[in-house]
S.K.: 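Supplied in structure tokens, the structure appears directly below.
When reading the values below, keep in mind they use all heavy atoms of this one structure, side chains included, and skip hydrogens, waters and symmetry mates. All chains are named by letter (A, B, ...) in the order of the sequence lines, taking the proteins before the strands, and each is independently numbered beginning at 1.
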Amino acid sequence: MTSTLDQAPAPTTPDGARARALAAAREVVAGHPPTEVPQREFLEACFDAGLAWVQFPEGLGGLGADQGVQAAVDAVLQGAGGPIPFWLNPMGYGMAAPTVVAHGSRALQERLLKPLYCCDEIWCQLFSEPGVGSDLAGLATRAVPEGNEWVVDGQKVWTSSAHKARWALLLARTDPDQPKHRGLTYFVLDMHQPGVEVRPLRQMTGEAEFNEVHLTGARIPDSHRLGEVGEGWRVAMTTLMNERNAIGGGSSVRGSGTIADALRLWRERPDLHTPVLRERLLRLAVRADAARLTGDRYRAEQGGRPAGPEGSVGKLTGAELNQEVYELCLDLLGPEAALYSGYDPTDAPSAGDPPDLARRFLRSRANTIEGGTSEVLRNVVAERLLGLPGDVRVDTGRPWKEVPRG
Amino acid sequence: MTSTLDQAPAPTTPDGARARALAAAREVVAGHPPTEVPQREFLEACFDAGLAWVQFPEGLGGLGADQGVQAAVDAVLQGAGGPIPFWLNPMGYGMAAPTVVAHGSRALQERLLKPLYCCDEIWCQLFSEPGVGSDLAGLATRAVPEGNEWVVDGQKVWTSSAHKARWALLLARTDPDQPKHRGLTYFVLDMHQPGVEVRPLRQMTGEAEFNEVHLTGARIPDSHRLGEVGEGWRVAMTTLMNERNAIGGGSSVRGSGTIADALRLWRERPDLHTPVLRERLLRLAVRADAARLTGDRYRAEQGGRPAGPEGSVGKLTGAELNQEVYELCLDLLGPEAALYSGYDPTDAPSAGDPPDLARRFLRSRANTIEGGTSEVLRNVVAERLLGLPGDVRVDTGRPWKEVPRG
Amino acid sequence: MADPTAGTTSYDGTEFVLTDEQEAVRDLARTFADRTFDESSVRGLLDDPRGFDPAAWRALGRDLGVLGLALPTTVGGDAEDGRGHVELALLAEELGRVLAGVPLLGSVALAGTALARCGDDAAAAELLAGVLAGEQVLALAATDAAGRWAPEDTGVSLREGSDGAVLDGTVSHVVDGAAADTVLVVAQSGDGPRLVAVAAGTSPADGLVVEPLTTLDQTRRLARLTFSGTPGRVVGDAGSTLDAVAAARDAGALVLAAGAVGASAHLLATSVEYARTRLQFGRAIGSYQGVKHRCADMHVRVEESRSAAYHAAWTLDGATDDDVRTAVDLATVVTGEAFPQVAKDTVQVHGGIGFTWEHATHLYYKRAVGDAALLGGPAAASERLAASWLDATVASPAVGA
Amino acid sequence: MADPTAGTTSYDGTEFVLTDEQEAVRDLARTFADRTFDESSVRGLLDDPRGFDPAAWRALGRDLGVLGLALPTTVGGDAEDGRGHVELALLAEELGRVLAGVPLLGSVALAGTALARCGDDAAAAELLAGVLAGEQVLALAATDAAGRWAPEDTGVSLREGSDGAVLDGTVSHVVDGAAADTVLVVAQSGDGPRLVAVAAGTSPADGLVVEPLTTLDQTRRLARLTFSGTPGRVVGDAGSTLDAVAAARDAGALVLAAGAVGASAHLLATSVEYARTRLQFGRAIGSYQGVKHRCADMHVRVEESRSAAYHAAWTLDGATDDDVRTAVDLATVVTGEAFPQVAKDTVQVHGGIGFTWEHATHLYYKRAVGDAALLGGPAAASERLAASWLDATVASPAVGA
């Protein structure tokens with residue numbers, strides 16, 4: 001059904017847990033109506049009721065229930081006007097929380113999860129570096145042990161929300177003598193310390209959506225390590241898969257998502273119509289719908305199971321489609337496309353403004369790069385889904401420090 | 001100028017040689033009017049007058065003149081109704097003759113060149129093999145010395161005109177212990193001997209334009225070797241470059257070549273017009289014209305010098321354009337495209353028939369494979385014209401027999 | 001036009017999740033297709049005058065009993081509440097995978113659906129009995145003399161002869177038209193278009209000339225039929241004709257789309273296997289990004305084809321809230337773009353061998369090209385989608401009720 | 001419309017082969033461009049209110065003397081027999097390569113050509129003198145209030161005021177319109193469109209409002225001009241106006257196309273250098289076919305762009321037997337497709353860094369996008385080519401006399 005997302009999830013959980021969670025959700029929205037109480041109060045109530053991540057242990061924002069129950073709970077919470085927690089603290093909610101709960105000590109979990117969910121503490125991710133690009137495992141930021149701490153030096157880039165983040169997920173090299181994947185360790189870094197400097201990174205749209213983060217003798221207590229020393233790559237892979245699937249998630253309503261911008265422009269501006277542009281728009285709308293249905297199909301076929309590399313298909317098609325959609329919008333606009341709302345970072349439109357198509361057009365160039373370049377995603381599709389052999393590797397098994405970089 | 005091909009070539013040759021050649025050409029057409037005498041008589045007269053390949057030595061069909069003079073001579077000969085020799089014996093005229101004159105003994109040259117030019121003896125090329133594909137230098141056909149002869153065993157494929165050829169250009173492996181490029185030798189093989197078996201190779205159009213050639217103890221006198229033992233690759237490369245440039249040569253008249261088929265269909269069938277197909281045809285016509293002008297520009301910029309890897313650009317664009325042109329033709333034809341003139345090899349239309357668009361459509365699938373796949377040509381463009389590094393090689397320097405094949 | 005059965009029943013399954021019964025149909029179809037058709041048997045039919053395998057047809061009808069899966073019980077089929085299209089798609093996918101030589105499209109999807117919707121269940125049941133048993137072949141002639149899908153005006157006229165209804169005119173590109181025992185012709189009468197059943201046994205003396213066409217795709221036969229005062233039997237209601245033929249086209253387009261999914265998936269598997277094992281310069285060609293990325297794109301196309309075709313099937317079953325015509329047209333456009341492209345990519349991945357007659361790829365490529373010329377093809381479907389999504393001034397392409 | 005000078009003189013050079021003098025112009029332009037403009041100076045102009053470098057403009061006009069290369073001697077330029085377009089293209093290519101901030105397009109190609117063809121050489125010479133010396137800037141306003149190229153009806157009207165001609169109306173997207181000392185406006189009079197020179201010094205009290213627009217491409221400035229009873233001076237013949245503006249568009253389109261060639265070639269060189277030196281997984285990224293084949297395709301696009309732009313230049317010089325309008329439109333369509341694509345490919349080859357403000361690629365990308373919105377762009381050129389090549393029932397696209 002095209003409206004599967006609105007339906008109750010498949011009943012894979014014992015009815016008891018499900019009923020208990022739903023009762024708790026109804027109690028929260030009754031006691032703390034999200035449209036009436038401050039957002040923080042509502043979020044705290046959710047957390048305390050175990051509705052933040054129902055599959056987490058009790059006391060850590062969860063109920064120890066099946067993850068499939070979350071959709072039903074969210075339907076109640078959001079149906080009453082509650083916020084979508086992911087968008088409040090994306091790196092925290094989507095990436096940090098599952099990693100901390102899987103790899104952190106109980107003390108660390110208790111320290112971090114509630115402020116994360118309540119948005120008292122925003123999270124960011126320190127993975128990418130100027131030198132690494134698609135070769136993430138080749139990263140050079142060093143973490144050196146010193147007593148009960150780690151001392152970190154290096155430079156990270158493409159960090160969203162770094163300027164407002166209290167905590168960062170950090171991937172750093174702890175052993176340069178190992179082959180690259182085996183010398184990495186995963187940490188939680190306190191962003192509020194002298195060794196951390198955040199600089200905005202301006203992009204072609206004029207805005208600075210991302211940051212560079214310079215780490216100079218930054219310190220991390222060993223208790224903030226997630227997973228074993230040298231196991232950082234394995235820990236990170238779980239996180240990245242979540243990110244890619246989130247990006248390529250897609251919509252389940254025809255004509256929504258990026259294509260909606262082109263369809264709206266088409267409807268509102270009949271003066272711009274030509275038969276050739278009509279054909280181009282139709283083809284894009286068809287591709288958007290084929291991608292949408294494929295996302296629906298994968299979700300249906302997977303039931304409650306987490307997505308695998310199939311998620312790369314949606315990310316790949318979505319990224320290229322976005323670019324073509326905004327190219328069409330600019331072609332439709334003709335001379336109007338020569339204008340811009342302004343490159344000063346403060347010129348960026350606010351949420352209520354009509355879509356700034358030229359800005360989205362420029363922004364879409366990053367879609368085939370961020371979260372896995374289209375080249376890497378095609379490798380993933382071909383190698384992991386189709387079983388084609390990998391490329392000839394010159395770096396496998398060599399100590400990281402001996403592999404040429406640049 | 002769009003009509004450069006009709007003009008006299010740039011005067012890079014001493015006027016004497018040029019005038020002498022033109023005088024000889026006028027004498028030949030006066031004494032042996034090509035529209036009146038048998039074709040063989042005309043060709044023999046041309047050869048004897050040194051007008052076959054003016055740059056060849058006297059007595060071997062040439063005058064020892066600059067190659068640039070040939071265009072002026074051909075203008076006279078073909079202007080009087082003479083045939084275009086290339087199309088009478090393509091492998092002989094375009095590939096065998098230059099190779100024989102560069103690498104054969106004088107005795108061999110005297111034996112082979114005149115019958116070649118007069119079309120008493122047709123030539124073919126035995127390079128490709130079922131196992132090699134783009135990796136031509138990996139070929140497996142063996143030539144083993146025995147007394148003053150070589151004994152050849154192996155299988156060749158994609159051979160045009162093999163069934164009517166008297167001679168073949170053969171590339172065979174003479175030393176499997178050498179890395180693949182260094183163990184090859186180049187021969188002239190007599191096709192009229194028991195060890196040579198020619199089998200037609202039927203293609204998706206229904207016709208058998210090519211052949212397989214099975215070599216079983218075929219014999220070659222050592223005097224029919226072209227170039228040194230182990231130098232076959234170097235000798236072959238000259239020949240192949242000629243072939244690729246011939247394929248990608250292109251036209252110098254707007255709207256001619258493959259695109260003409262689509263333009264003619266468009267003109268003759270206004271009932272098939274739609275705005276969207278009109279746009280597609282326009283884009284193809286623009287691409288065809290951009291490719292045509294690029295060919296013109298390369299020829300003009302190169303003056304009389306032989307083409308280098310730039311020829312790959314024309315072959316690459318031409319092949320993909322051909323395919324799109326015939327795809328458009330079939331889309332234009334709609335239901336008519338579901339029909340075919342017949343798959344029996346005898347159903348192929350003759351020269352006078354209207355173009356069989358469905359047949360050309362099917363035939364065009366080979367364009368991006370034959371004479372260098374589009375993948376290989378993109379490598380050539382990127383590596384030889386742009387200087388990008390080659391791929392990681394696992395076969396370089398290894399003895400041929402140790403490199404995996406299949 | 002919405003499927004009249006949509007919304008009248010509630011469907012308790014989930015779109016894209018096969019029921020156990022549907023899984024069983026797929027397994028049955030796959031086993032049958034693999035056992036019955038291999039490359040050699042498919043090639044054997046290329047020059048066969050009938051162009052299909054009567055034994056396989058009988059097996060599908062009589063032994064497996066799968067030809068009535070999407071035809072209503074009221075005409076002898078197995079489908080309740082307008083269901084069965086998922087099953088039909090699975091069958092068509094598996095048959096398409098092997099280019100099976102059976103007249104499923106003409107007999108079941110086109111003529112069968114038209115009869116089931118013609119308004120005369122008794123006549124429909126009578127004409128369909130032989131088909132459901134795999135004993136007979138039916139065809140639907142709703143094209144014009146140029147082979148264009150044109151049910152509103154095929155150019156065949158219906159008049160009262162001395163002994164009943166007679167037809168005059170020519171239709172071309174009739175799927176399974178030469179093999180058909182009975183052809184259901186859409187003919188123009190004073191009451192508008194009518195369905196007229198003409199027995200193929202009708203002698204030339206009665207003015208029926210059946211010419212098999214030489215088709216680009218030799219695995220799917222087309223014929224030209226010329227009627228000159230040819231007697232026929234009018235079936236169904238005058239008012240139902242166009243709706244019946246439209247439903248037939250929907251079912252036919254589903255069979256084509258699902259067949260394209262099976263064929264494309266087969267081509268992809270062939271290409272991947274070749275790319276894994278064919279070596280060039282000492283390496284598998286699939287390790288080069290030129291080949292590897294092409295295969296990745298083929299995979300995306302196959303996946304999207306499957307999503308679109310299955311969505312059409314579930315929608316025809318009334319199991320989504322989408323519009324039937326939209327879902328079917330979407331499947332036609334998506335598979336109509338993907339299938340030829342995947343076939344071209346397959347030739348390119350295989351290199352020279354993929355261009356030969358000996359290699360099976362050309363049979364699939366021609367199927368892809370030939371399919372595009374049937375039922376209006378992706379061109380007409382695309383035009384309808386554009387009219388529905390883009391031309392309406394008020395309606396948005398968001399899914400309505 | 002054929003170039004009126006074509007065919008009147010015989011040209012003894014060969015198309016695509018530069019004469020020694022043309023080589024010298026190219027070398028001069030390249031040296032000048034490289035010495036005068038680097039990324040830092042180009043970025044410095046992004047926020048400059050004038051948007052161009054007056055010293056560079058003076059150097060081109062007074063010191064190098066290259067601004068009149070394609071303008072006839074009769075108006076103070078250097079061109080004989082309608083020649084000089086190859087030289088203009090070479091100059092534009094080298095300036096485009098570095099995104100040079102000089103008003104060549106508006107002052108020379110557009111306003112200069114329009115004046116040279118307006119039918120009043122004396123007035124043209126007078127207005128052009130400051131431009132040829134690199135002291136002044138001219139602009140041509142032939143767009144409408146929405147910025148569409150619309151010389152037939154810009155929406156500006158010309159009437160007789162108490163003290164002479166006055167204008168009313170709005171034009172937008174006027175290239176170099178805010179920097180211009182004099183704007184040549186195409187205005188509608190009772191005699192049809194006329195060229196009217198308006199001094200930019202005209203005070204707002206006289207009803208001239210000049211609004212610089214915030215452009216996507218900050219390296220090429222556009223302005224909106226509103227006239228309210230604004231006084232101006234009519235120049236040239238009524239009958240010559242549209243031909244003069246059409247010639248201006250041809251020259252402007254040549255400058256855009258040649259500039260696109262220089263810019264695309266620069267992007268390709270940047271991409272190749274990055275692909276040669278940037279390592280991933282221990283190898284240069286240019287050794288992967290994903291990147292390598294992209295670069296190969298970029299090369300083909302740059303080569304075809306150069307061929308088409310040069311062919312337009314030689315054709316405008318009367319040195320080919322092609323039609324001027326066709327050759328210019330072809331150059332617009334080919335470069336209009338290639339330049340944005342090459343810019344997009346450059347971003348992709350560079351990865352994240354190519355998306356940053358700090359990297360110069362976005363300046364070129366925006367130039368590519370902005371250019372497409374000028375002079376009707378590739379869309380209008382493509383439409384004219386289609387009308388000429390495809391719609392005529394008799395004429396074939398083969399080159400005529």
Side-chain angles (χ1 to χ4, degrees), chain A residues 1-4 7 10 252-256 259-260 262-264 266-267 270 273 275 277-279 281-283 285-301 303 310 312-314 316-317 320 374-375 377-383 385-393, chain C residues 11 13-18 268-269 271-273 275-276 283-289 291-301 303-308 310-311 314-315 319-322 326-327 329-331 333-334 337-338 382-383 385-386 389-399:
Chain A
M1 314 267 280
T2 48
S3 53
T4 28
Q7 298 187 317
S252 193
V253 176
R254 172 172 296 147
S256 65
I259 191 74
L263 292 170
R264 185 183 309 112
W266 183 261
R267 275 196 307 277
H273 293 188
L277 290 170
R278 173 175 176 270
E279 168 81 0
L281 177 54
L282 189 268
R283 295 174 80 89
V286 164
R287 280 170 54 194
D289 216 44
R292 175 183 74 84
L293 290 170
T294 300
D296 282 358
R297 180 163 68 85
Y298 285 171
R299 275 186 291 275
E301 289 175 352
E310 305 81 26
S312 296
V313 170
L316 178 62
T317 54
E320 297 182 350
S374 291
E375 288 83 357
L377 292 174
R378 287 191 164 87
N379 287 345
V380 169
V381 168
E383 294 171 19
L385 295 176
L386 299 178
L388 286 174
D391 212 321
V392 174
R393 294 294 287 267
Chain C
Y11 187 78
T14 301
E15 185 182 11
F16 299 127
V17 178
L18 297 181
L268 171 61
S271 298
V272 167
E273 180 58 20
R276 276 198 331 104
R283 290 165 52 179
I285 61 171
S287 71
Y288 296 101
Q289 289 183 351
V291 172
K292 175 180 294 186
H293 289 182
R294 189 184 291 274
C295 289
D297 288 339
M298 293 167 78
H299 176 73
V300 171
R301 289 198 169 89
E303 290 295 296
E304 294 189 345
S305 290
R306 175 167 283 123
S307 309
Y310 284 12
H311 176 67
W314 258 276
T315 302
T320 83
D321 53 7
D322 201 1
T326 299
D329 283 341
L330 187 74
V333 175
V334 172
E337 168 107 14
S382 182
E383 180 52 38
L385 284 177
W389 289 354
L390 306 180
D391 297 347
T393 45
V394 189
S396 92
V399 171

S.K.: Do you know the tightest heavy-atom contact between C/A284 and A/P389?
M.R.: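 Shortest heavy-atom contact: CB-CG, 3.8 Å.
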S.K.: Between C/L268 and chain A, with a heavy-atom cut-off of 4.5 Å, which part of the residue counts as in contact: side chain, backbone, both or neither?
M.R.: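 Interface part for C/L268: side chain.
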S.K.: If you look at every heavy atom in C/L390 and A/W266, which pair is closest and at what distance?
M.R.: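 Between these two residues, the closest heavy atoms are O-NE1, 3.0 Å.
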S.K.: Just by modelled atom types, is the A/L282 backbone N or O under 3.5 Å from a matching donor or acceptor in the C/W389 side chain?
M.R.: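 A pair under 3.5 Å: no.
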S.K.: Go through the atoms of C/R294 and report whether side chain, backbone, both or neither lie under 4.5 Å from a heavy atom of chain A.
M.R.: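 When you check distances to chain A, no heavy atom of C/R294 falls under 4.5 Å.
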S.K.: Can you tell me how far NE2 of C/H293 sits from CG of A/L388, rounded to the nearest 0.5 angstrom?
M.R.: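 The CG atom of A/L388 sits 10.5 Å away from the NE2 atom of C/H293.
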S.K.: Determine the sole option in A/T317, A/L293, A/V286, A/D289 for which the side-chain contact (heavy atoms from CB on, under 4.5 Å) test with C/E304 is passed.
M.R.: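 That would be A/T317; it is the only one of A/T317, A/L293, A/V286, A/D289 passing the side-chain contact (heavy atoms from CB on, under 4.5 Å) with C/E304.
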S.K.: With only heavy atoms counted, which part of C/S271 is less than 4.5 Å from chain A, the side chain, the backbone, both or neither?
M.R.: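 Neither part.
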S.K.: If we define contacts as heavy-atom pairs under 4.5 Å, which of A/L385, A/L281, A/V381, A/T294 has the most with chain C?
M.R.: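 Going by pairs under 4.5 Å, I would pick A/T294.
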S.K.: Measuring heavy-atom distances to chain C, does A/E383 have an atom under 4.5 Å in its side chain, in its backbone, in both, or in neither?
M.R.: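 The answer is the side chain of A/E383.
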S.K.: Is there a salt bridge (Lys or Arg N to Asp or Glu O under 4.0 Å) between A/R283 and C/E337? Walk through the geometry before answering.
M.R.: CA-CA 10 Å; A/R283 295 174 80 89; C/E337 168 107 14; 2.5 Å; yes
S.K.: Check step by step if side chain to side chain contact (heavy atoms under 4.5 Å, CB included) holds for A/E279 and C/S382.
M.R.: CA-CA 8 Å; A/E279 168 81 0; C/S382 182; 4.1 Å; yes
S.K.: Quick check against the 3.5 Å criterion: does A/R297 have a side-chain atom that pairs as donor or acceptor with the backbone of C/E303?
M.R.: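 Yes; at least one donor-acceptor contact below 3.5 Å.
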S.K.: Kindly give the heavy-atom pair with the smallest separation between A/A382 and C/K292, and that separation in Å.
M.R.: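 Heavy atoms only, the tightest pair is CB-CG, 3.3 Å.
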S.K.: Check whether C/R276 gets within reach of chain A through its side chain, its backbone, both or neither, counting any heavy atom under 4.5 Å.
M.R.: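 For C/R276, heavy atoms of backbone and side chain both lie under 4.5 Å from chain A.
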S.K.: Find the one option among A/V313, A/V392, A/L386 whose heavy-atom pairs under 4.5 Å with chain C are most numerous.
M.R.: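 Heavy-atom pairs under 4.5 Å are most numerous for A/L386.
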S.K.: For chain A, find which of C/A331, C/A308, C/A386 contributes the most heavy-atom pairs closer than 4.5 angstrom.
M.R.: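 That would be C/A386.
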S.K.: Select one option (side chain, backbone, both, neither) describing which atoms of A/A291 are under 4.5 Å from chain C's heavy atoms.
M.R.: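 For A/A291, the contact with chain C is made by backbone and side chain together.
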S.K.: For C/V17 versus A/A300, what's the shortest heavy-atom pair and its separation?
M.R.: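 For C/V17 versus A/A300, the nearest heavy atoms are CG2-O, 3.5 Å.
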S.K.: For side chain to side chain contact (heavy atoms under 4.5 Å, CB included), just list the numbers for C/H311 and A/D296, CA-CA rounded to whole Å, side-chain angles, deciding distance to a tenth of an Å, and then say yes or no.
M.R.: CA-CA 10 Å; C/H311 176 67; A/D296 282 358; over 6 Å; no
S.K.: Considering only heavy atoms, which portion of A/L316 lies under 4.5 Å from any heavy atom of chain C: side chain, backbone, both, or neither?
M.R.: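 Just its side chain gets close to chain C.
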S.K.: So how far is it from C/D322 CG to A/R254 CZ, rounded to the nearest 0.5 Å?
M.R.: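 CZ of A/R254 is found 4.0 Å from CG of C/D322.
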S.K.: I'd like to know if A/R278 and C/D391 make a salt bridge, using a cut-off of under 4.0 Å between side-chain N and carboxylate O.
M.R.: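 Here A/R278 pairs with C/D391 in a salt bridge, since their nearest N and O are under 4.0 Å apart.
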S.K.: For a side chain to side chain contact (heavy atoms under 4.5 Å, CB included) check, start with the C-alpha distance between C/V300 and A/E320, then their side-chain angles and the critical distance, and finish with the verdict.
M.R.: CA-CA 13 Å; C/V300 171; A/E320 297 182 350; over 6 Å; no
